[in-house]
Q: 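What follows is a structure written as structure tokens; I'll ask about it next.
Sequence positions, counted from 1, serve as the residue numbers for this chain.
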Amino acid sequence: MTKWLLLAMVSVFFLVACSEQTSEPEPSSEEQQLPDDSEEAVEEKAIPEGFAENYFDEQRFIHAYPSAPDSQYLSESIGLYMEYLVMMEDAEQFELQYNNLMTEFVVEEGGDFFIKWLIYEDASVNALIDDIRIAAVLREAAELFGQPEYSDTADRIIETISRIQTNNGYTVDYYDWQVEFPAQRVTLSYLIDDVPKDMKADRVLENVDASEVFFPEYFDVVNEVYVKSEVVHPIDQLLIAINRERIGLSSDLFEEWLKTEWAEEGRLFGRYDRETLQPAVTYESLAMYFFMNEYFLIIGEDQAAEEVKNRATEMIAENGEGETHFFDFIHYHLMMEDETK
């Protein structure tokens with residue numbers, strides 16, 4: 001993920017959470033046509049000079065912590081950075097990252113097309129949320145940059161997930177191609193808006209018990225039961241609430257708790273006790289504020305959303321970006337650069 005203690009703690013704890021979620025054993029679009037000479041070229045936005053340089057190795061592969069090339073190289077990181085490059089309309093840097101994806105992350109087994117959740121280590125599993133994110137941004141890039149190859153790759157990712165990454169009729173968190181075994185659970189925070197409809201993610205979100213403030217974290221597809229943890233991660237909870245809002249489901253108790261917590265504390269902490277609803281840690285997270293900003297915008301709390309951005313900016317102003325995990329770093333910049341937020 002130290003010049004300052006706060007973001008160092010965020011980095012360590014978030015890397016643990018990320019490892020817990022992804023280290024365990026994911027319909028074709030129309031082909032995009034290359035633009036003709038009469039079409040206007042894509043106008044690139046200015047990427048800040050030196051942006052994210054401390055996270056790159058000499059080939060511009062992304063490691064998890066700045067100036068730490070021995071830290072993990074995650075599919076999560078490359079997918080999020082590709083989102084940023086599409087936002088900034090940088091075709092050249094996007095192509096470079098696409099080539100990195102294809103040369104190191106992609107594994108082809110017969111007709112199957114997998115993305116390793118991390119490279120340079122012994123990994124034979126993917127991560128649903130990262131694959132879905134990468135496929136979605138590849139399709140955006142295909143249209144934006146006039147590169148149908150990107151869309152073709154997205155199709156191959158989704159086709160493999162749809163065909164083999166299932167268990168008991170559910171699309172699950174990952175697939176281990178070494179032992180040919182799918183996961184036995186669906187993590188609810190993985191069911192982002194980009195999940196194709198034929199994966200039937202909505203049914204898992206629709207049946208969640210919303211009679212408590214915090215949602216269960218995942219669905220056991222073998223026993224068909226929802227599973228809760230004693231300590232909850234607000235990032236997961238915010239993602240689940242966002243996922244539900246996008247299919248027309250409100251989360252009244254969670255929403256009320258979140259708005260009250262924000263009004264009273266002016267911040268959100270990185271872990272909460274499920275039973276007492278009290279903070280279990282004292283640190284905050286830049287990525288958490290990204291999702292909090294997004295959720296407030298979705299439910300029409302624009303003023304609160306702006307306050308959240310301000311709080312994240314205060315954290316940066318007070319302490320700098322330090323040695324924060326790339327997940328936090330890039331989400332902060334996605335939030336600040338996105339003109340719709």
Q: Kindly determine whether Arg156 and Glu108 satisfy salt bridge (charged side-chain N to carboxylate O under 4.0 Å, His left out), including the steps that lead there.
A: CA-CA 10 Å; Arg156 296 187 70 189; Glu108 296 189 62; 2.7 Å; yes

Q: For Glu212 and Lys228: C-alpha separation, side-chain torsions, deciding distance, then whether salt bridge (charged side-chain N to carboxylate O under 4.0 Å, His left out) applies.
A: CA-CA 11 Å; Glu212 298 179 1; Lys228 307 172 185 177; 3.1 Å; yes

Q: Using a strict threshold of under 4.0 Å (side-chain N to carboxylate O), is an ion pair present between Glu255 and Lys259?
A: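 So Lys259 pairs with Glu255 through a salt bridge.
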
Q: Side-chain contact, heavy-atom cut-off 4.5 Å: Met335 with Glu294?
A: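 No, their side chains stay 4.5 Å or more apart.
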
Q: Do Phe219 and Tyr170 have ring centroids that are under 6.0 Å from one another?
A: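 For Tyr170 and Phe219, the ring centres are under 6.0 Å apart.
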
Q: Report the C-alpha separation of Tyr332 and Phe290 in whole Å, then their side-chain angles, then the decisive distance to 0.1 Å, and conclude whether the ring pair (Phe, Tyr, Trp, His ring centres under 6.0 Å) test is met.
A: CA-CA 6 Å; Tyr332 173 74; Phe290 170 91; over 10 Å; no

Q: If I take atom CG from residue Leu118 and atom CG from residue Asn126, how far apart are they, to the nearest 0.5 angstrom?
A: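 So the CG of Leu118 and the CG of Asn126 are separated by 12.0 Å.
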
Q: Validate the cation-pi geometry between Arg185 and Tyr218: distance from NZ or CZ to the six-membered ring centre under 6.0 Å, angle to the ring axis within 45°.
A: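 Arg185 over Tyr218 ring: yes.
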
Q: Is the shortest side-chain heavy-atom distance between Ser162 and Met199 below 4.5 Å?
A: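 They are in side-chain contact.
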
Q: Using 0.5 Å steps for rounding, measure from the CD1 atom of Ile164 to the CG atom of Asp112.
A: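 Going from CD1 on Ile164 over to CG on Asp112, the span is 4.0 Å.
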
Q: Using a strict 4.0 Å threshold on nitrogen-to-oxygen distance, state whether Arg311 and Glu284 make a salt bridge.
A: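 Yes, Arg311 and Glu284 are salt-bridged.
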
Q: Got Glu76 and Leu80 here, is their nearest side-chain heavy-atom distance under 4.5 Å?
A: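 SC-SC contact between Glu76 and Leu80 confirmed.
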
Q: With a 4.5 Å limit on heavy-atom distance, are the side chains of Tyr226 and Leu188 in contact?
A: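 Yes, close enough: below the 4.5 Å cut-off.
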
Q: Taking the basic N atoms (NZ, or NE/NH1/NH2) and the acidic carboxylate oxygens, is any pair closer than 4.0 Å for Asp155 and Arg139?
A: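 Here Asp155 pairs with Arg139 in a salt bridge, since their nearest N and O are under 4.0 Å apart.
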
Q: With sequence neighbours left out, what residues match Phe215 under ring-ring contact (aromatic ring centres under 6.0 Å, His included)?
A: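 Applying ring-ring contact (aromatic ring centres under 6.0 Å, His included) to Phe215 gives Phe254.
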
Q: Determine, using ring centers only, whether Phe269 and Tyr283 are less than 6.0 Å apart.
A: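 Here the rings of Phe269 and Tyr283 have centres that are no less than 6.0 Å from each other.
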
Q: With rounding to the nearest 0.5 Å, note down the distance linking CZ in Phe94 to CD in Glu140.
A: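 Between atom CZ of Phe94 and atom CD of Glu140 there are 8.5 Å.
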
Q: Nearest 0.5 Å, what's the OG-OH distance between Ser71 and Tyr55?
A: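 Rounded to the nearest 0.5 Å, the OG-OH separation comes to 9.5 Å.
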
Q: Working to the nearest 0.5 angstrom, can you tell me the gap between Ile240 CD1 and His233 NE2?
A: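 Ile240 CD1 to His233 NE2: 11.0 Å, rounded to 0.5 Å.
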
Q: Which distance, rounded to the nearest 0.5 Å, do you find between the CE of Met292 and the CD of Glu307?
A: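 One finds 9.0 Å between CE of Met292 and CD of Glu307.
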
Q: Kindly write out the residues that satisfy salt bridge (Lys or Arg N to Asp or Glu O under 4.0 Å) with Glu83, not counting sequence neighbours, or none if the list is empty.
A: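 Here the qualifying residues are Arg133.
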
Q: Is the distance between the ring centroids of Phe105 and Trp117 less than 6.0 Å?
A: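 For Phe105 and Trp117, the ring centres are not under 6.0 Å apart.
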
Q: Just by distance, no angles: are the side chains of Glu121 and Tyr73 close enough, under 3.5 Å, to form a donor-acceptor pair?
A: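 No, no side-chain donor-acceptor pair sits under 3.5 Å.
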
Q: Is any NZ, NE, NH1 or NH2 atom of the basic residue among Glu53 and Arg60 found under 4.0 Å from an Asp or Glu carboxylate oxygen of the other?
A: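 Yes, this pair counts.
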
